[in-house]
Amino acid sequence: MSEKIRKLYQKLYNQNYQLLEEKKNAVKQEEINNKKSVAKAVASRSLSKIGFEIISFILIFLMAKFMISDMTPDYRPGEASLFIMKTIIPIAMIVCFSYVIYKLVIRPRRTVQENFSVDNSATNEEEYNDIFCERICKPIIEYVIPTSQYDHSYGMSQELYESMGFSNSHEAFDSSDNIRLNSNTNLIMSKVHSKFKDGGAYGYWYATLFCGIASIQTLTFNIPVSIKIRNKKLDSLKLKNARPTLIEEFNQYYEIETNNPKLLNKYFTESLLNYFIELAKKNINLEVNIFQNKICIRLQDKDFLDFNIKSELDEENIINSCNSIIAMINTNKFIVDELKSNNIY
């Protein structure tokens with residue numbers, strides 16, 4: 001399969017080479033413009049800082065010189081010096097204190113936020129990825145999986161993702177790259193990228209909570225047990241009430257949790273446990289929630305269908321992304337087939 005994907009990729013890339021190159025050049029030009037803007041801003045701030053310090057030094061020097069010349073013969077301050085000490089100096093101290101607060105707290109916070117929004121090339125980067133997915137990935141995915149329909153611009157809703165029972169402590173959510181199967185209209189798959197706020201006193205940014213492919217399959221009946229499976233390699237939250245299975249090798253790779261231990265072996269058979277062991281050995285790290293009439297699966301893959309002008313591994317990324325989609329489809333199918341073989345479905 002990999003060799004067929006490589007040949008098709010090369011053909012499609014050559015067909016869209018000119019358009020992709022135009023976007024690459026646009027991104028590079030925007031990056032050059034951004035660097036120039038940042039350099040000008042830094043130079044302007046440095047000059048203003050130096051100017052402020054020079055003016056402050058001159059004013060302090062002149063004020064000290066005047067106060068010395070205003071002293072009485074017995075070295076007491078004159079009336080003008082007393083006025084300066086009682087009025088101008090306190091005001092100057094307040095101004096200096098305000099400047100220090102601005103310099104140490106307010107300005108760094110603004111600077112961090114500006115730095116995260118300065119990259120105007122993001123639009124061209126996004127358009128490059130859009131072109132790549134729509135004109136190259138779509139034909140390849142629909143070729144590798146003949147019964148599939150791929151839509152880069154459409155994803156699953158945030159409400160649907162949050163109903164899947166995974167960690168939902170995200171503060172930003174994005175979804176795209178929807179994949180549906182003509183042979184299974186109850187299965188929905190999409191790329192999901194969820195984020196949370198991170199940072200400190202000097203500003204904040206969004207860090208990735210989950211990035212990869214998520215799927216939800218709706219069954220025609222309810223399962224009277226809930227089952228959660230977490231791959232230990234992932235950074236996701238540990239299960240609160242994890243319990244070991246009878247297969248020790250499964251326990252090395254996964255945690256499993258259920259609300260009904262007596263029914264666990266009936267619905268999650270030895271064949272399923274061994275199937276998940278093989279996935280882990282292939283470094284396919286899945287998380288699964290089975291509850292009510294839903295089978296929910298997500299696969300962590302930060303590079304899933306993500307293409308940019310600097311990447312030299314786009315060909316490998318497409319192959320890996322296709323393998324991730326196939327793994328999701330096969331896992332859903334295997335779980336349903338096991339339910340059928342045990343007269344549950």
Side-chain angles (χ1 to χ4, degrees), residues 156-170 173 181 183-190 192 194 209-210 212-301 324 326-345:
M156 67 171 57
S157 68
Q158 183 171 344
E159 292 74 20
L160 182 61
Y161 176 73
E162 289 177 352
S163 73
M164 293 167 64
F166 297 111
S167 174
N168 293 323
S169 55
H170 51 257
F173 175 88
L181 301 179
S183 56
N184 186 356
T185 55
N186 293 326
L187 177 62
I188 299 171
M189 291 177 286
S190 294
V192 168
S194 62
L209 183 65
F210 171 80
I213 181 170
S215 75
I216 179 168
Q217 179 162 207
T218 306
L219 305 175
T220 57
F221 71 101
N222 283 340
I223 299 175
V225 61
S226 68
I227 302 169
K228 288 186 176 183
I229 300 171
R230 171 188 170 272
N231 190 296
K232 291 181 178 180
K233 271 191 176 182
L234 303 179
D235 292 329
S236 54
L237 295 175
K238 292 184 177 181
L239 300 178
K240 293 180 180 179
N241 300 304
R243 55 179 293 112
T245 66
L246 296 176
I247 300 180
E248 186 56 37
E249 193 174 9
F250 179 89
N251 300 331
Q252 293 174 13
Y253 294 110
Y254 298 97
E255 288 181 334
I256 191 166
E257 180 181 279
T258 180
N259 64 346
N260 193 330
K262 292 181 180 179
L263 291 178
L264 178 62
N265 293 334
K266 178 181 179 182
Y267 287 90
F268 213 82
T269 61
E270 185 176 341
S271 297
L272 273 171
L273 293 173
N274 289 324
Y275 179 83
F276 274 84
I277 291 170
E278 292 305 311
L279 289 176
K281 287 180 177 179
K282 295 175 184 176
N283 204 31
I284 300 173
N285 302 315
L286 298 180
E287 292 176 283
V288 182
N289 284 345
I290 301 174
F291 62 100
Q292 297 175 353
N293 63 335
K294 297 182 180 70
I295 299 173
C296 306
I297 304 174
R298 67 179 190 179
L299 189 157
Q300 187 106 2
D301 183 357
S324 292
I326 291 170
M328 297 290 281
I329 293 171
N330 289 344
T331 302
N332 275 282
K333 184 177 183 301
F334 194 89
I335 293 173
V336 172
D337 287 346
E338 278 297 297
L339 294 175
K340 286 180 178 179
S341 66
N342 288 284
N343 298 317
I344 297 169
Y345 188 19

Legend entry - Presence of salt bridge, E287 and K233, under 4.0 angstrom: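 No, K233 and E287 are not salt-bridged.
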To the nearest 0.5 Å, tell me how far [X] [atom1] sits from [Y] [atom2].
{"X": "I247", "Y": "N274", "atom1": "CD1", "atom2": "CG", "value": "4.5 Å"}
{"X": "F276", "Y": "F250", "atom1": "CZ", "atom2": "CZ", "value": "7.0 Å"}
{"X": "C296", "Y": "L160", "atom1": "SG", "atom2": "CG", "value": "8.0 Å"}
{"X": "L299", "Y": "L286", "atom1": "CG", "atom2": "CG", "value": "5.0 Å"}
{"X": "N285", "Y": "L279", "atom1": "CG", "atom2": "CG", "value": "9.0 Å"}
{"X": "Q217", "Y": "N332", "atom1": "CD", "atom2": "CG", "value": "4.5 Å"}

For the residue pair [X] and [Y], what are the closest heavy atoms and their distance?
{"X": "Q300", "Y": "L209", "value": "NE2-O, 4.2 Å"}
{"X": "P224", "Y": "L263", "value": "O-CD1, 3.7 Å"}
{"X": "S226", "Y": "T258", "value": "O-OG1, 3.0 Å"}

Does the side chain of [Y] come within less than 4.5 Å of [X]'s, by heavy atoms?
{"X": "I297", "Y": "M328", "answer": "yes"}
{"X": "I329", "Y": "M189", "answer": "yes"}
{"X": "L339", "Y": "L219", "answer": "yes"}
{"X": "L264", "Y": "I256", "answer": "yes"}
{"X": "D301", "Y": "I213", "answer": "no"}
{"X": "R298", "Y": "S215", "answer": "no"}
{"X": "F291", "Y": "I227", "answer": "no"}
{"X": "L273", "Y": "T245", "answer": "yes"}

Legend entry - Heavy-atom neighbours of K333 NZ exceed 12 at 6.0 Å: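 No, because the 6.0 Å sphere around NZ of K333 holds 12 heavy atoms or fewer from other groups.
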Legend entry - Q292 versus N222, side-chain donor and acceptor atoms under 3.5 Å: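 Checked: N222/Q292 side chains show no N/O donor-acceptor pair below 3.5 Å.
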Inset, instruction - Consider only side-chain N and O atoms of Q252 and E248, and report whether a donor and an acceptor are under 3.5 Å apart. - result: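 No donor-acceptor contact under 3.5 Å links the two side chains.
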Legend entry - Verdict with supporting geometry, F221 and I223, side-chain contact (heavy atoms from CB on, under 4.5 Å): CA-CA 7 Å; F221 71 101; I223 299 175; 3.9 Å; yes
Would you say [X]'s side chain and [Y]'s backbone share a donor-acceptor pair under 3.5 angstrom?
{"X": "N289", "Y": "G165", "value": "yes"}
{"X": "E255", "Y": "L239", "value": "yes"}
{"X": "S190", "Y": "M156", "value": "yes"}
{"X": "K240", "Y": "E257", "value": "no"}
{"X": "N293", "Y": "T218", "value": "no"}

Inset, instruction - Tell me, please, whether Y254 has R230 positioned over its six-membered ring: NZ or CZ under 6.0 Å from the ring centre and within 45 degrees of its axis? - result: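 No cation-pi geometry.
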Inset, instruction - Flag the pair F268 / Y275 as yes when their ring centroid distance falls below 6.0 Å, and as no otherwise. - result: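 Not close enough - the centres of the two rings lie 6.0 Å or further apart.
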Inset, instruction - For this output row, return yes or no: ring centroids of Y161 and F173 closer than 6.0 angstrom. - result: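 Yes; F173 has its ring centre under 6.0 Å from that of Y161.
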